[in-house]
Amino acid sequence: MLIKRAQMFKASEITDPTLYFNRREFMVGAAALALFPRGAEAAAPPAGQPLKATRNTAFSLSDPATKFESATTYNNFYEFGVDKGDPSRLAHTLKPRPWTVQVDGHVAKPKTYDIDELLKLFPLEERVYALRCVEGWSMVIPWIGFPLASLLKRVEPTGQAKFVEFTTLMDPEQFPAQRKSVLNLSPIEWPYVEGLRLDEAMHPLALLTVGMYGQVLPNQNGAPIRVVLPWKYGFKSAKSIVRIRLVSSQPKSTWEKAAPNEYGFFSNVNPEVDHPRWSQASERRIGEFLRRKTLKFNGYADQIASLYAGMDLRKYY
Amino acid sequence: MSRRTRIAFKASVWVLCLLPLVVLAYRAVTGDLGANPISFVTNWLGQWTFRLLLAALALTPIRILFGISWQVSLRRLVGLFAFAYACLHFCVWIVVDHFFDWHQMGADILKRRYITVGMLALTLLVPLAVTSTNAMLKRLGGMAWRRLHRLVYVVGVLASLHFLWLAKKGRTDQYLYATILTLLLGIRAWDAVRRALRKRRQQQTAGAPGLAEAPH
């Protein structure tokens, strides 16, 4: 059993965000605000703004959290670029306000929510989750959010709803890598689309996330709202979501389209099923020296494995 | 070129080849290796191995294209540095990345084709490094030595495959390295063909029997 009583991290990791945060970029943003007041309503809430949430100990690991600096400078967010450093370097181009999330498809009550409305609708909770990247590294991150199921129940999925499809913002103004270039080097299609089966989406582990480390979600981590699915490889957790659509047939996810033999629809963490080019048996936890053995479903087998009972996980990778 | 200039030149090549290690050490000391230092160091050493290999392979094409030949004497030095970086790259993989997990590494060598070709490239560099001394050149004889050292072209191709197969989607520098290698080998091939044709023409003009007596 992996879920243990949570242990508090050092207060400094939570209450001293300015130390880590990219102050220069914040200052540039502030200067732009002063120069162009019309953009004021589009400005992001100040980076590092604290976000209150109560720790959900039943859904929290006791492992120490990854350093905030690592979690915000070592990111895969292809909308900013392919390098791990691109998202933190270019994150200031994303404007997380104003922001709306359209929730529609096979639902009784489709609605387009304003992000600030969403934040008030559901009580925010903090959960310390393991994050396993398909590339073979992992982190432990204290996320802040609310269960995806809470939002889905609110819009009342109809009987035809079998899958949930997430769409990331498509805006080349805000996401530099979405700009068209003469040489089309983009490895994936925009916008980024991800999907889940409805029962996966309704599982209490699936978290709609708006913050981490006690503060508003940094842009490079998928602001203002993303999903976090700790039992799946990281790329399944769509960032900067603008649309959640309930559909009747299985959505084609972005990486599935880009390399179907390497990235399946399910992409559950599984040490027994290798990536075609590398082993998934072990991982390097950021901040640690020795590799760790990768756990099935990233350590969440007790809670989640029943969803896949009877499925051939080699076939449905 | 005088002896003194040549020595000065070799010394500066030493400095240039050691520079990536100095920079790496500096970044390590100042804690500037990023969130995943092991991956950073592995990539850094691998990239410099490839760059030095390409540099060593570029010296002859420079002679072919521009008729300048003094730099050809640097082949051994640059090539040995490429080998040294390859060894470091390999050691980091064994010691730091997998910490002597022989079972896992053995499985990776057999199963992951990018590791298979990488291992093969390093293995093929060993006889070249061993026979790089003047004494070995004499012992083998110029012809045999030259033929053996053509293995470096195979190493170049294997290194390219290693990089092409491991690179994640969206990266582009692996194509740049492969293109440069193709150019460098292409120039050699073009030169070899050109020389063969010239030789044949000379034989033809030297006397008609040359053609008639061509081997069957």
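Order of the sequence lines sets the chain letters (A, B, ...), proteins ahead of strands, with each chain counted from 1.
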Discussion item. Checking an interface table here. Which of residues 251-265 of chain A come within a heavy-atom distance under 4.5 Å of chain B?
Written reply: A/Trp255, A/Ala258, A/Ala259
Discussion item. Do A/Lys84 and B/Asn36 have side chains that approach each other closer than 4.5 Å (heavy atoms only, starting at C-beta)?
Written reply: no
Response to the item:
Okay, A/Asn75 and chain B: the region with an atom under 4.5 Å from a heavy atom over there is neither
Practice prompt. Nearest 0.5 Å please: distance from the CH2 atom of A/Trp278 over to the CH2 atom of B/Trp165.
Written response: 15.0 Å
Practice prompt. Side chain from CB out, backbone as N, CA, C, O: work out which of these in B/Leu166 comes under 4.5 Å of a heavy atom of chain A, or both, or neither.
Written response: backbone
Fill in: SB check B/Asp97 A/Arg291 (cutoff 4.0 Å)
yes
Fill in: Separation between OG of A/Ser279 and CD of B/Gln104, rounded to the nearest 0.5 Å
4.5 Å
Practice prompt. Decide if atom CZ of B/Arg139 counts as having more than 12 heavy atoms of other residues, nucleotides or ligands within a radius under 6.0 Å.
Written response: no
Item to complete: Under 4.5 Å, counting heavy-atom pairs only, tell me which of B/Gly34, B/Ala107, B/Ala35 racks up the most with chain A.
Response: B/Ala35
Practice prompt. Please determine if B/Lys111 and A/Asp274 form a salt bridge, counting it only when a charged side-chain N lies under 4.0 Å from a carboxylate O.
Written response: yes
Worksheet item: Just wondering, more than 12 heavy atoms not from A/Glu173 lying within 6.0 Å of its CD?
Response: no
Worksheet item: Of the non-hydrogen atoms in A/Arg277 and B/Lys168, which two are nearest, and what is the gap between them?
Response: NH2-CA, 4.3 Å
Item to complete: Mark yes when over 12 heavy atoms from residues, nucleotides or ligands other than A/Glu189 sit less than 6.0 Å from its CD; otherwise mark no.
Response: no
Worksheet entry | More than 12 heavy atoms of other groups within 6.0 Å of A/Arg179 CZ | yes
Worksheet entry | Other residues, nucleotides, ligands: >12 heavy atoms within 6.0 Å of A/Phe289 CZ | yes
